[in-house]
Amino acid sequence: MAEPALLLTVVETWRDVRAARARLEKRDRLARLFASLPAPEDLRLAALYLSGELGRPPLGVGGALAGEALAATPPGTAGPPPTLQDVDATFAALGQVAGAGANARRAELLVGLLTRATPPEREFVVGLVLGELRQGALGSLVLDALARALEAPGPALRRAVMLSGSLGDVVLAVRREGHQALDRFQLTPLVPVEPMLASTAGALDEALTALGGAAAAEWKLDGIRVQVHRKGDDVRVFTRSLRDVTDGTAGLVALARALPVDSVVLDGEAVGHVDEGGPLAFQDLMSRFQTGDAESGLGVRFFDVLSLEGAPFVDRPDRERRAALEDLLPSGLVIPRRLVTDPAGVQAALDEALAHGHEGLVLKALDAPYAAGRRGANWRKLKLATTVDLVILGAEWGHGRRSGWLSNLHLGARDPDDPGRFVMVGKTFKGLTDAMLRELTEALPPLATEQTGHVVLVRPERVVEIAFEGVQRSSRYPGGVALRFARVKRFRPDKRPADATTLDALRASAG
DNA sequence: CTATAGTGCGCC
DNA sequence: CTTCCGT
DNA sequence: ACGGAAGGCGCACTATAG
């Protein structure tokens, strides 16, 4: 019987992978580790951890508690070196903790593990728990490495993981039975599948040509992605991250049970009821979703069928899946779609979607299969971004890849009542190129008025053009509104702060 | 005991 | 969810 | 094609002030 694998072996690989810059080298180092772990359970944990997954429900440990535990851990290393199984056992115990004194108990469990660990092991465990491994390789590269180590075909392995939604299960099966076991992982009703994702369309006509000149244009709803499974009377509802939300979505469950089928898997978007006023604001939808207040107006529009009456549909072309969807469901439950063959058609569909208060369109290739877990070119989302000129009120020193650079801008709109004043409406680190980071890091410090921690506040002098997806109610910002998905388009040295968009105009610019 | 603050989490 | 960049 | 740099919201839960 082999010795149980030590955490240290995984941590050494993690350091090597992090140090390696080339992806192939990262993959090979991972593969070497995986090949050296004969015990299926050890291999499963190593694969999960190096993918940044815990293999357990959430632990209730975040930055605050982890920091507390680190501070409370004595400097030296004491006790037997932890095995992977020890780490898993600690995670399991953490998941059980609840009630009064929970945080003290969590800290105690974590300190117990960290005390036995060497400094690099501590760093790894904390990074894993916080989701900050930063090794430049997660699920995808780990899959490639597993394929090598297990001598399994990469695409089949990936497909099994996507269709079963469980890396751990697949790893166990292949280590035990060889890669023939992969055939077993087919799409199964009641077992969630990684959802297919859409990539961003550039220009309107360019998206259409990329899809071959003709595409289906569907409304893009601002809701919550749901996957609804039914087999007999059993119904399960899953979110985009495959979390089971069956309890709390009673309306969806009832709806699925009423369908004239025995077995089906549907993909769609949960939304607020679409009355004359248009769709429910995302914030309010989220509130209903989280309180399980689902009966009071949680609706759904489906846009795909992944399985029907026991037959997998994922490999069938889009147009066949759509036809099956329309056969099965009343039209009120299906996302509106139209065929577009030229830019004018796309524009018309987009106008219509926006007029109904939706985000935009998803353009889909008519002959494409359902590529579970992939952000393929066969689905392209098209949204209209609003643009606004805001003033930089501050910036934050970046972490990791952006350490040493000023990033994460604080953005202000002009106060309509007080000409010299600006009201903060959000932050953004997106859209900044390296050149822009360089420029900010040079230009902002001379304007600094205050520096607290990693935040630098500056005199409101520089104007930036900001694109965003809408404004939302905010309790955090003084103006009562915050930008959603703000990103920098370009600097506007030609504009003065007095030219910046006012808070009122910002409120008006998006619903 | 209730009111509020802090934390973790999972949506977009 | 978002964008850009290096591998 | 992937991974990482971080936004902001609202909830549930625990901790803490009064």
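Note: hydrogens, waters and symmetry copies are ignored here, and every other heavy atom, side chains too, is used. Residue numbers start from 1 in every chain, and the chains themselves are labelled A, B, ... in the order their sequence lines are given, proteins ahead of strands. As the structure is a prediction and not an experimental result, all values here were calculated from the model.
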Greater than 12 external heavy atoms within 6.0 Å of A:Arg148's CZ: no

Nearest-Å distance for atom pair CD/C1', residues A:Glu108 and D:dT14: 17 Å

Student check: side-chain heavy atoms of A:Leu298 and A:Leu285 closer than 4.5 Å: yes

Interatomic distance, A:Asp144 CG vs D:dC2 P [rounded to whole Å]: 10 Å

Residue met sooner reading DNA chain C from 5', once A:Arg21 and A:Arg375 are mapped to nucleotides: A:Arg375

A:Thr13 and A:Arg29 side chains, donor-acceptor separation under 3.5 Å: no

Polar side chain donor-acceptor pair, A:Ser140 to A:Arg158, under 3.5 angstrom: yes

Of the listed nucleotides D:dG7, D:dT14, B:dC12, the one nearest the side chain of A:Lys427: D:dG7

Distance below 4.0 Å between A:Ser241 side-chain N/O and B:dC11 OP1 or OP2: yes

Selected nucleotide, minimal atom distance to A:Arg476 side chain, candidates C:dT7, D:dG8, D:dA15: D:dG8

Sugar-phosphate, base or nothing in reach of A:Ala486, heavy atoms under 4.0 Å: nothing

Sugar-phosphate, base or nothing in reach of A:Lys489, heavy atoms under 4.0 Å: nothing

Touch class at under 4.0 angstrom, heavy-atom based, for A:Ser474 against every strand present: sugar-phosphate

Among D:dC11, B:dG10, D:dA5, the nucleotide that comes nearest once only the side chain of A:Arg243 is considered: B:dG10

Sugar-phosphate, base or nothing in reach of A:Val61, heavy atoms under 4.0 Å: sugar-phosphate

Between P of D:dG3 and CG of A:Leu30, the distance in whole Å: 11 Å

Touch class at under 4.0 angstrom, heavy-atom based, for A:Lys381 against every strand present: sugar-phosphate

Pairwise distance CD(A:Glu269) to CD(A:Glu359) - rounded to 0.5 angstrom: 8.0 Å

Pair A:Asp504-A:Thr502, side chain to side chain donor-acceptor pair (under 3.5 Å): steps then yes or no: CA-CA 5 Å; A:Asp504 290 345; A:Thr502 63; 5.3 Å; no

Point-to-point distance, once rounded to the nearest 0.5 Å, from CZ of A:Arg106 to CD of A:Glu68: 11.5 Å

Any A:Arg487 side-chain nitrogen or oxygen under 4.0 Å from OP1 or OP2 of C:dT3: yes

Listed nucleotide nearest any side-chain atom of A:Arg374, set D:dC2, D:dC11, D:dA15: D:dC2

Separation of D:dA5 C1' from A:Leu406 CG (nearest whole Å): 14 Å

A:Lys495 with A:Asp389: basic N within carboxylate O range, under 4.0 Å: yes

A:Arg134 vs D:dA5: side-chain N/O to OP1/OP2 distance below 4.0 Å: yes

Closest to side chain of A:Ser287, choosing from D:dG10, B:dC11, D:dT14: D:dG10

Under 4.0 angstrom between A:Gln472 side-chain N/O and D:dG8 OP1 or OP2: no

Parallel, tilted or perpendicular: rings of A:Phe124 and A:Trp14 (30°, 60°): perpendicular

Contact under 4.0 Å: A:Arg401 side-chain N or O vs D:dG4 OP1/OP2: no

Nearest-Å distance for atom pair CZ/P, residues A:Arg27 and D:dG3: 14 Å

Touch class at under 4.0 angstrom, heavy-atom based, for A:Leu285 against every strand present: nothing

Separation of atom CG in A:Leu280 from atom P in D:dC9, rounded to whole Å: 17 Å

Touch class at under 4.0 angstrom, heavy-atom based, for A:Ala98 against every strand present: sugar-phosphate

Helical bend (five base pairs per end, nearest 10°) for the helix from B:dC1-D:dG18 to B:dC12-D:dG7: 10°

Proximal nucleotide (of D:dG7, C:dC4, B:dT7) relative to the A:Ala64 side chain: B:dT7

Candidate nucleotides D:dA15, D:dG7, D:dC2, ranked by approach to the side chain of A:Ser140 - the nearest: D:dC2

Touch class at under 4.0 angstrom, heavy-atom based, for A:Leu24 against every strand present: nothing

Atom-to-atom span, CG of A:Leu130 to P of D:dA5 - whole angstrom: 13 Å

Polar side chain donor-acceptor pair, A:Thr239 to A:Ser241, under 3.5 angstrom: yes

Per A:Arg484 side chain, nearest of listed nucleotides D:dG10, B:dC12, D:dG3: B:dC12

From B:dC9, D:dC11, C:dT3, nucleotide with atom closest to A:Thr200 side chain: C:dT3

Nucleotide of B:dG10, D:dG10, B:dC12 approaching A:Gln283 most closely (side-chain heavy atoms): D:dG10

Nearest-Å distance for atom pair CZ/P, residues A:Arg29 and C:dT7: 17 Å

